[in-house]
Structures are given as structure tokens and as C-alpha cells.
Amino acid sequence: MDKDKILSIGAVVLVVVAVALYGFFGMKKSETPVVADAPSVAKVNGVAIAKTDYDTQLASAIAAYKAQGVNVDDPARLTEIKTQVLNDLVNNELVMQGITAAGITAAPADVETQYQAILTQAGGIDKLKTQMVTANITEAQLRENIAKQLRVQDYLLKNVDVSTLTVTDAEIEKFYKDNSVGQTNVPPLKDVKEQIKQQLLTTKQQELINKFIETLRAKAQIETSTV
């Protein structure tokens, strides 16, 4: 087991308080113009989630799971994926409604800073363009996603208190031990301790965010259709 693998175990790693529900390359809405009475898969406080957006996200999710070796042809697994995609879209809509109500915006300078960080991480404009082509988004859409992510992070930080979260040495040691069983080339604990700590902290942050989103769902009017 190497350092990268030990970091990948458990919950999805998120940025800041946890990655915004909108990722830089994810949650891209379809380009299809909105049509009155167009098919929808859900309504969140009266706002419809278009089936075209659901189909777009489902296709992305299926492709991602296939890349991980998941058998997406299994009916039970496909049903799970469909349910998760629909729940994610509902959660995103709830959060975006909360952001709008709170009047939270993303400063252009912050968007530019994050864009430049992504550009550097990608290895230059040509490589970033290749990634955008793969993700089927434009630079404008990427910047829009960055702005949405910054707004979501701001909103979550204002509503989810992660300041008191801690990770103990015992928790780190248990995680290391549990995930080292049967593995070869396991790095020494001291070499991955800080990374494991961040992983466990992220998991706890995500749990708090999930609880907060559940409170939003409990107060919302949500109607979903069979997908």
C-alpha cells in the first residue's frame, strides 16, 4: 500500500470544509434551452430539476464508475447510482437556493485566483484545455463552476461549524492498522500520519455537512419521480 492509496480509502476528499457540491469539472448543466413543461425528475421548493440535467449527470457518474471497474450493468448497482445522482441534484438545488437567499456571491478576484491555481496544477493552458475537452466544458463554464464552488464553500462555512473537530492519535492508529491489513509495501505510520489525519478530519467534516443538508431536506418541499 502506498501513500496515495491510503489517502483514497474512505470518504471522498473534499476541499476547504469539504469540496463544494459543485466540482470544478462536475455538476455541469445541459446546454438545452429551458422549455416550459419540459420533463423533470424532481421539484425542490417548486423549482424543477430538468431530466436533461439528470441524464447528463447520470452519464458522467456511470462513466466514472466504469473507470473504477464497477459493474454498472448490474441492475441493483445501477439503481443505486441513479438514486445517488438524483439525491445529489436535489441537495445541490437546496444548497443553491440557500446561497441565493443568503445573497452569497463569489468575488471575481477569488475566481481568478482559483482558476490560475487550477491552470498551474494542470501544467499549463494546453493541458487544461485537454482536460476541459475531456470534461466537455468551456473555460466560461469552468469559471462558472469555480464561482459556484466558492459560493458553496462560503455558505457551508457559515452554516457548519467545523472549528471544534479533532482527530486523536488513537483514531489515526486504528485507521492505519485497519487499512494496512493484507497490504504490502506499507509506509511507516510516521510518514503518512498527517495525511491520515486530514483524511479523517475530512470525513468528520463531511458527516457534519450531510447532517446540515438533511436539515435543509427536512424543511423543504421535495417531489421526485421514478428515474
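These numbers come from the heavy atoms of this one structure, side chains and all, not from hydrogens, waters or symmetry mates.
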* **ILVMFWY network linking Leu142 to Ile125, side-chain heavy atoms under 4.5 angstrom** => yes
Indicate yes or no: at least one non-hydrogen side-chain atom of [X] is less than 4.5 angstrom from one of [Y].
| X | Y | value |
| --- | --- | --- |
| Gln205 | Leu208 | no |
| Val41 | Ser225 | yes |
| Ile104 | Lys158 | yes |
| Gln195 | Gln199 | no |
| Thr134 | Gln131 | no |

Roughly how far apart are [X] [atom1] and [Y] [atom2], rounded to 0.5 Å?
| X | Y | atom1 | atom2 | result |
| --- | --- | --- | --- | --- |
| Asp74 | Ile81 | CG | CD1 | 9.0 Å |
| Asn92 | Asn87 | CG | CG | 10.5 Å |
| Asp53 | Leu58 | CG | CG | 12.5 Å |
| Gln84 | Gln57 | CD | CD | 12.0 Å |
| Lys148 | Met96 | NZ | CE | 6.0 Å |
| Ile99 | Leu94 | CD1 | CG | 11.0 Å |

Mind checking what makes side-chain contact (heavy atoms from CB on, under 4.5 Å) contact with [X], not counting sequence neighbours?
| X | result |
| --- | --- |
| Ala106 | Val111, Ala147, Leu150, Arg151 |
| Asp55 | Lys51 |
| Leu78 | Ile62, Lys82 |
| Ile172 | Val167, Asp169, Leu189, Lys193, Ile196, Lys197, Leu200 |

* **Pairs touching residues 95-109 that satisfy side chain to side chain donor-acceptor pair (under 3.5 Å), sequence neighbours left out** => Asn45-Gln97, Glu93-Gln97
* To do: Scan residues 96-121 for pairs that pass ring pair (Phe, Tyr, Trp, His ring centres under 6.0 Å), counting only residues two or more places apart or in two chains.
  => none
* Is there any ring pair (Phe, Tyr, Trp, His ring centres under 6.0 Å) pair reaching into residues 60-81, and which pairs are they, with sequence neighbours excluded? -> none
Which atom pairs, donor and acceptor, lie under 3.5 Å between side-chain atoms of residues 212-224 and protein residues at least two apart or in another chain?
residue : atom : partner : partner atom : Å
Thr215  : OG1  : Phe212  : O            : 2.4
Arg217  : NH1  : Asn91   : OD1          : 2.7

* Structure fact -> Hits for side-chain hydrogen bond (donor to acceptor under 3.5 Å, both in side chains) against Ser163, two or more places apart or cross-chain, chain-then-number order -> Asp161
* To do: Return the set of residues passing side-chain hydrogen bond (donor to acceptor under 3.5 Å, both in side chains) with Asn210 (not counting sequence neighbours), or none when no residue passes.
  => Gln206
* If you look only at pairs with a residue in residues 126-139, which of them pass as a salt bridge (charged side-chain N to carboxylate O under 4.0 Å, His left out), with sequence neighbours excluded? -> Glu139-Arg143
* Structure fact -> salt bridge (charged side-chain N to carboxylate O under 4.0 Å, His left out) pairs touching residues 171-190, sequence neighbours excluded, are Glu171-Lys204, Lys174-Asp178
